[in-house]
Amino acid sequence: MAKAITPRSEDYSRWYTDVVTQSRMADYSPVKGCMVIRPLGYALWEAVQKDLDARFKETGHENAYFPLFIPESYLRREAQHVEGFAPECAVVTHGGGKKLEEPLVIRPTSETIIYAMYAKWIRSYRDLPVLINQWANVVRWEMRTRLFLRTTEFLWQEGHTAHATEAEAEEEVLRILEIYRRFAEERMAIPVYAGLKTDSERFAGALRTYCIEALMQDGKALQAGTSHNLGQNFSRAFEVKFQTKSGAWDHVWQTSWGVSTRLIGALVMAHGDDNGLNLPPLLAPVQVVIVPIWKSDEEKARISEAARLAAEELKGAFRVKADLRDEVSPGWKFNEWELKGVPLRLEIGPRDLQAGQFTAVRRLDRRKTAVPAGALRARTGEILEEIQKDMLERGRAFLRENTREARSYAEFSKALDSTGGFYRAHWCGSAECEQRIKEETKATIRCIPLEGNREPGACLICGGRSERWVYLARSY
RNA sequence: CGGGGCGUAGCGCAGCCUGGUAGCGCAUCUGCUUUGGGAGCAGAGGGUCGGUGGUUCAAAUCCACUCGCCCCGACCA
């Protein structure tokens with residue numbers, strides 16, 4: 001008997017760690033704060049990469065790769081940026097047995113090194129826009145780490161674009177935000193709120209930061225992706241200039257945007273349950289597992305053959321696996337594949353064989369249906385689609401039910417402890433009020449929605465005039 | 001960095017208070033019986049008790065130092 005997963009109701013963060021390690025998505029490394037991404041976790045990341053990469057390419061972006069090491073002086077060139085990142089940088093001081101003349105920072109993000117190159121490559125408006133993305137690892141020396149959600153080293157994609165006009169850059173930033181939003185909903189089955197970060201939550205060096213915010217089952221929000229309009233802050237610092245049509249010189253308008261392996265953590269916390277992972281079919285590395293059940297040797301021969309043939313039949317259309325192991329019982333397999341989050345299980349036992357059918361069991365809710373052998377391929381596709389749809393629907397209902405109105409500050413601070421979730425609240429826009437909420441309730445303004453929130457009201461904190469409401473929540 | 005917890009077999013733990021030559025469950029290996037929700041029986045292998053130093057006839061156990069990890073907070077994707 002394998003070790004049980006700590007129930008969510010008992011200890012949510014323990015549950016999370018249990019699911020991640022026991023499903024073999026990841027394991028702790030010998031280095032504090034770092035993790036080993038095991039095949040299941042990495043397969044998920046590859047699925048994320050594959051899908052997003054296609055979306056980036058559809059919108060004209062190209063992949064490139066910039067180096068891991070950044071001269072320390074580069075980071076210093078943009079004032080806000082260095083202030084934001086310097087404390088969490090790992091720095092290499094020695095190489096080849098000698099002390100380096102200039103220390104090398106291990107990238108916490110690549111703005112500086114990439115824009116130093118852009119300065120070299122961009123001369124004319126004809127060189128614009130530059131639409132580059134890179135898939136890379138970055139290192140941030142975090143004080144407290146958590147598997148996938150916040151590790152010292154993590155994998156991500158970072159897009160870096162340069163444009164001739166401010167309007168073009170803004171358009172790009174919103175285009176990417178929409179790609180993230182749709183990816184989260186369509187593939188991960190995680191509905192999100194998209195919006196603008198407040199000044200205090202903005203990326204160091206950006207004009208504006210947009211984000212998508214998801215809600216985890218414990219009621220805490222998780223920032224799942226960010227898209228920054230950098231304005232000309234970096235192009236001024238790195239002298240990224242181009243000559244306009246009229247012959248004048250201007251600094252380029254830039255954007256950067258990214259999502260990370262944190263998305264895998266979001267997947268765990270949005271859909272998992274006390275039996276383990278629960279993956280949306282569109283991202284699941286294994287979508288269908290076939291589990292044969294037999295008693296006699298004679299049955300074993302026939303049923304394992306039927307299972308093998310079924311896998312063969314489904315292989316072209318789905319990611320499928322037949323679990324023909326004889327050394328573990330069917331019950332053991334059920335639990336193992338549920339732990340690993342496989343969305344659909346097809347059982348075939350003596351009774352099924354007799355009836356010419358498979359018993360299909362959804363990971364989501366263990367709902368069982370009989371699938372006639374003749375309709376296997378068609379029904380499997382339908383069931384997987386239903387699961388994907390139901391997961392998103394369930395996520396939407398959860399987000400809806402856990403988004404509340406904050407009517408008064410007293411009521412809000414009291415209710416937050418018991419409810420968690422998002423709160424809609426009016427905010428006057430002052431940093432003081434924002435700071436006070438954070439200190440007193442540990443909730444932060446997660447985002448200012450892009451539309452639908454324009455209505456006059458009174459600030460939740462100071463009662464002052466407010467033009468629009470924002471989303472508040474405690475967050476990861 | 002502050003608070004809490006933990007380092008004993010591959011994994012999870014007991015033993016420590018009250019020192020006496022290391023144990024349980026799972027996993028592994030062998031054999032037989034099993035298989036529609038984590039199978040049963042019988043047998044076998046596997047440990048410098050995180051490290052260093054001290055106390056003692058004797059240390060997993062007591063003392064000091066040290067290293068590491070996890071959880072909760074302050075910082076962040």
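In what follows, chains carry the letters A, B, and so on, assigned in the order in which the sequence lines appear, proteins first and then strands, with residues in each chain numbered from 1.
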(request) Measure across A/Phe412 and A/Ala443 and return the closest heavy-atom pair with its distance rounded to 0.1 Å. (result) CZ-CB, 4.1 Å

(request) Return the nearest nucleotide to the side chain of A/Glu142; candidates are B/rG38, B/rA77, B/rG37. (result) B/rA77

(message) Ignoring hydrogens and geometry beyond distance, is the side chain of A/Glu336 in donor-acceptor contact with the base of B/rG38 at under 3.5 Å?
(response) no

(message) Using whole Å, what does the distance between atom P of nucleotide B/rC76 and atom CD of A/Glu83 come to?
(response) 11 Å

(message) Taking the minimum atom-to-atom distance to the side chain of A/Arg140, which one of B/rG37, B/rG36, B/rC76 wins?
(response) B/rC76

(message) Quick check: do A/Arg38 and A/Leu40 have side-chain heavy atoms less than 4.5 Å from each other?
(response) no

(message) Measuring from the side chain of A/Tyr28 (C-beta onward, heavy atoms only), which nucleotide among B/rC70, B/rG36, B/rG37 has the closest atom?
(response) B/rC70

(message) Can you tell me which nucleotide in B/rC71, B/rG38, B/rA77 comes closest to the side chain of A/Thr17?
(response) B/rC71

(request) Could you work out which one of B/rC70, B/rC76, B/rA74 sits closest to the side chain of A/Arg150? (result) B/rC76

(message) So if I take every side-chain heavy atom of A/Gln223 and compare against B/rA77, B/rC71, B/rG38, which nucleotide ends up nearest?
(response) B/rA77

(message) Work out how far the C1' atom of B/rA42 is from that of B/rG38, and round it to whole angstrom.
(response) 22 Å

(message) Whole angstroms only, please: what is the CH2-C1' distance between A/Trp294 and B/rA39?
(response) 15 Å

(message) Under a 3.5 Å cut-off for both contacts, is B/rC49 paired Watson-Crick or G-U wobble with anything, and if yes, with which nucleotide?
(response) none

(message) In whole Å, I'd like the distance from the CE atom of A/Met216 to the C1' atom of B/rA77.
(response) 13 Å

(message) For A/Trp45 together with A/Trp135, are the ring centres under 6.0 Å from each other?
(response) yes

(message) Within the 4.0 Å heavy-atom criterion, would you say A/Thr151 contacts the bases, only the backbone, or no part of the nucleic acid?
(response) base

(message) Counting the atoms with a prime plus P, OP1 and OP2 as sugar-phosphate, which does A/Thr226 contact under 4.0 Å by heavy atoms, base, sugar-phosphate, or nothing?
(response) nothing

(request) Grab the CG-P distance between A/Leu147 and B/rC71 for me, whole Å please. (result) 7 Å

(request) Take atom P in B/rC63 and the same atom in B/rC6, then report the distance between them in whole Å. (result) 15 Å

(message) Does A/Thr359 reach a base, just sugar-phosphate, or nothing at all? Heavy atoms under 4.0 Å.
(response) base

(message) For a quick check of understanding: with a heavy-atom distance under 4.0 Å over all strands, which category does A/Leu222 fall into, base, sugar-phosphate or nothing?
(response) nothing

(request) Quick one: label A/Arg325 by what it contacts on the DNA or RNA (base, sugar-phosphate, nothing), any heavy atom closer than 4.0 Å. (result) nothing

(message) With rounding to the closest Å, how many angstrom separate the P atoms on B/rC16 and B/rG2?
(response) 31 Å

(request) Could you tell me whether A/Lys50 and A/Asp53 make a salt bridge, using a distance below 4.0 angstrom between a side-chain N and a carboxylate O? (result) no

(request) Report which part of the nucleic acid A/Lys300 touches: base, sugar-phosphate, or nothing (heavy-atom distance under 4.0 Å, all strands). (result) nothing

(request) Could you pull out the closest heavy-atom pair between A/Pro191 and A/Arg396, with the gap in Å? (result) CG-N, 3.6 Å

(message) What's A/Pro87 touching, base or sugar-phosphate or nothing? Going by heavy atoms closer than 4.0 Å.
(response) nothing

(message) From C-beta outward on A/Trp332, which listed nucleotide comes closest to its side chain: B/rU35, B/rG38, B/rA77?
(response) B/rG38

(request) Verify the neighbour count for atom CZ of A/Arg436: are there more than 12 heavy atoms of other residues, nucleotides or ligands below 6.0 Å? (result) yes

(message) On RNA chain B, does the nearest nucleotide to A/Leu149 precede the nearest nucleotide to A/Glu327 from the 5' side, or the other way round? Give the residue.
(response) A/Glu327

(message) With a 3.5 Å limit on both atom pairs, tell me what B/rC24 is paired to, counting Watson-Crick and G-U wobble, or say none.
(response) B/rG12

(message) My understanding is that a pair needs two contacts under 3.5 Å, Watson-Crick or G-U wobble. By that rule, which nucleotide pairs with B/rC69?
(response) B/rG5

(message) Looking only at the side chain of A/Asn335 (C-beta and beyond, no hydrogens), which of the listed nucleotides B/rA77, B/rG37, B/rG36 gets closest?
(response) B/rG37

(message) Without decimals, in angstroms, what is the distance between A/Glu338 CD and B/rG37 P?
(response) 12 Å

(request) Check every atom of B/rC76, B/rG37, B/rC71 against the side chain of A/Phe334 and return the nucleotide holding the closest atom. (result) B/rG37

(request) Mind calculating the distance between CD (A/Glu158) and C1' (B/rA77) to the nearest angstrom? (result) 12 Å

(message) Categorize A/Phe154 for me: base, sugar-phosphate, or nothing, with a 4.0 angstrom heavy-atom threshold over every strand shown.
(response) base

(message) For B/rG31, give the paired nucleotide (Watson-Crick: N1-N3 plus N6-O4 or O6-N4; G-U: N1-O2 and O6-N3; both under 3.5 Å), or none.
(response) B/rC41

(request) Return the nearest nucleotide to the side chain of A/Asp326; candidates are B/rC76, B/rU35, B/rG36. (result) B/rU35

(request) Check A/Leu283 against A/Ala47 and note the closest heavy-atom contact, atom names and distance. (result) O-CB, 3.7 Å

(request) Between A/Arg351 and A/Ser29, just flag the one whose closest nucleotide in RNA chain B comes earlier from the 5' side. (result) A/Arg351

(request) Starting from C1' on B/rG38, measure out to CD1 on A/Ile293 and report it in whole angstrom. (result) 14 Å

(message) To check you understand the geometry: which heavy-atom pair defines the closest contact between A/Leu314 and A/Thr380, and what is its length?
(response) CD2-OG1, 4.0 Å

(request) Could you tell me the separation between the CZ atom of A/Arg14 and the C1' atom of B/rC69, rounded to a whole number of Å? (result) 13 Å

(message) Taking any heavy-atom pair under 4.0 Å as a contact, classify A/Asp352: base, sugar-phosphate, or nothing.
(response) base

(message) Return the pairing partner of B/rU18 with a 3.5 Å limit on both distances, Watson-Crick or G-U wobble; otherwise return none.
(response) none

(request) With a 3.5 angstrom cut-off on both distances, give the Watson-Crick or G-U wobble partner of B/rC76, or none if there isn't one. (result) none

